[in-house]
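Structure first, then comments.
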Amino acid sequence: MLKLFLPNEHVKSIFEITPQSLVDKGIKGIITDLDNTLVEWDRPNATPKLIEWFKRMEESGIKVTIVSNNDEKRVGAFSEPLQIPFIHRARKPLVRAFNKAILDMGIKKEESVVIGDQLLTDVLGGNRGGFHTILVVPVAQSDGLATKFNRMVERRILTIFKKQGLLQWEDKK
Ligand SMILES: [Mg+2]
């Protein structure tokens, strides 16, 4: 049961995920979380470095959809200037939004990856749906109110994974 929280891969930041590494694996589309995955949860817009990352993905033919549990105001204001499709109020860990994202991108599940910073929403949802999941270290140490409880549970699961040697995680504190 705990295995459902174990990501297929984990990276320190999304910038470790390169277009070439995805293309090599036959990946054609990215489903990514927004808050504390792409930018800090309280940063309204993309950073220049992130804009460059999106551009390089596009140039390599990798599609991106932002799938967030946050509201339309937040997710739309972030995604629209970048002209990146988004799904707000995705209700992760429910799988429905992930399935909609691959349908909209016109790709198969095996051609997609799910990226996010939370075990209880991004990883659990992706794993339940049979997607390849990539966990990133949260961009910020702080979280929005809705995430604080999830983080408490997440810390306990991460501790178990670490003890079992399943996931090496750096404590920043
Ligand atoms: Mg997040």
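What you are looking at is a predicted structure, and each value in this text was computed from that prediction instead of being measured.
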* **Hydrophobic cluster membership, Leu167 vs Met152, 4.5 Å side-chain cutoff** => yes
* Asked: Under 4.5 Å between side-chain heavy atoms, hopping through other hydrophobics if needed: is there a path connecting Leu120 to Leu94?
  ->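 Per the 4.5 Å side-chain linkage, Leu120 and Leu94 are not co-clustered.
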* To do: Take Arg151 and Asp143 through the test salt bridge (charged side-chain N to carboxylate O under 4.0 Å, His left out) and record every step on the way to the result.
  => CA-CA 9 Å; Arg151 288 289 187 209; Asp143 288 291; 3.0 Å; yes
* **Steps toward side chain to side chain contact (heavy atoms under 4.5 Å, CB included) verdict (Phe86, Leu34)** => CA-CA 10 Å; Phe86 66 93; Leu34 168 54; over 6 Å; no
* Could you list the residues that satisfy side chain to side chain contact (heavy atoms under 4.5 Å, CB included) with Leu2, not counting sequence neighbours? => Phe5, Ile157, Ile160, Phe161
* With Thr18 via side chain to side chain contact (heavy atoms under 4.5 Å, CB included) - residues at least two apart -> Gln20, Ser21
Nearest 0.5 Å, please: how far is [atom2] in [Y] from [atom1] in [X]?
{"X": "Ile30", "Y": "Thr65", "atom1": "CD1", "atom2": "OG1", "answer": "9.5 Å"}
{"X": "Leu124", "Y": "Glu154", "atom1": "CG", "atom2": "CD", "answer": "11.5 Å"}
{"X": "Ser112", "Y": "Ile62", "atom1": "OG", "atom2": "CD1", "answer": "11.0 Å"}
{"X": "Ile84", "Y": "Ile51", "atom1": "CD1", "atom2": "CD1", "answer": "9.0 Å"}
{"X": "Ile27", "Y": "Leu22", "atom1": "CD1", "atom2": "CG", "answer": "6.5 Å"}
{"X": "Leu135", "Y": "Asp122", "atom1": "CG", "atom2": "CG", "answer": "8.0 Å"}

* Checking Asn69 side chain against Lys92 main chain: does a donor-acceptor pair fall under 3.5 Å? ->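 Checking the backbone N and O of Lys92 against the side chain of Asn69, a donor-acceptor pair under 3.5 Å is found.
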Applying side chain to side chain donor-acceptor pair (under 3.5 Å), can you list everything that pairs with [X], at least two apart in sequence or on another chain?
{"X": "Thr133", "result": "Asn8, Asn127"}
{"X": "His132", "result": "Glu9"}
{"X": "Thr37", "result": "Asp33, Asp117"}

* If a pair satisfies salt bridge (charged side-chain N to carboxylate O under 4.0 Å, His left out) and one of its residues is in residues 66-89, list it, with sequence neighbours excluded. =>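 Matches after skipping sequence neighbours: Asp35-Arg74.
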* Do Ile66 and Ser79 touch side chain to side chain, with heavy atoms closer than 4.5 Å? ->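 Touching, per the 4.5 Å side-chain cut-off.
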* Can you check whether Ile17 reaches Ile115 side chain to side chain, under 4.5 Å on heavy atoms? ->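 Answer yes - side chains close enough.
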* Looking only at heavy atoms, which two atoms of Ala46 and Val39 are closest? And how far apart? ->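 Reported closest heavy-atom pair: CA-CG1, 4.2 Å.
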* **Nearest atoms (heavy-atom pairs only) where Ala97 meets Ala90** => CB-CB, 3.6 Å
* To do: Kindly check if the number of other-residue, nucleotide or ligand heavy atoms within 6.0 Å of CZ (Phe149) is above 12?
  => no
* Asked: Counting heavy atoms not belonging to Gln164, are there more than 12 under 6.0 Å from its CD?
  ->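 It does: Gln164 CD has more than 12 such atoms within range.
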* **side chain to side chain contact (heavy atoms under 4.5 Å, CB included) between Leu38 and Thr32, worked out** => CA-CA 8 Å; Leu38 297 177; Thr32 180; 3.6 Å; yes
* Structure fact -> In short, ring pair (Phe, Tyr, Trp, His ring centres under 6.0 Å) pairs touching residues 99-123 with sequence neighbours left out are none
* To do: Among Ile, Leu, Val, Met, Phe, Trp and Tyr joined by side-chain contacts under 4.5 Å, find the other residues sharing a cluster with Leu145 and list them by chain and number.
  =>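 Noted: Leu145 shares its cluster with no other residue.
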* **Transitive ILVMFWY cluster of Phe98, excluding itself - 4.5 Å side-chain cut-off** =>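 Phe98 clusters with Ile31, Val67, Ile87, Val95, Ile102, Met105, Ile107, Val114, Phe131.
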* Pairs where residues 39-64 contributes a residue and the test side-chain hydrogen bond (donor to acceptor under 3.5 Å, both in side chains) is met, not counting sequence neighbours ->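 Every side-chain hydrogen bond (donor to acceptor under 3.5 Å, both in side chains) pair that includes a residue of residues 39-64, provided the two are not neighbours, is Glu40-Arg43, Trp41-Ser142.
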* **side-chain hydrogen bond (donor to acceptor under 3.5 Å, both in side chains) partners of residues 100-109, not counting sequence neighbours, each pair once** => Lys100-Asp104
* Report the C-alpha separation of Leu4 and Arg128 in whole Å, then their side-chain angles, then the decisive distance to 0.1 Å, and conclude whether the side chain to side chain contact (heavy atoms under 4.5 Å, CB included) test is met. => CA-CA 7 Å; Leu4 276 175; Arg128 283 175 66 200; 4.2 Å; yes
* Between Gln118 and Val123, does a side chain to side chain contact (heavy atoms under 4.5 Å, CB included) hold up when you go through it step by step? -> CA-CA 6 Å; Gln118 279 198 69; Val123 174; over 6 Å; no
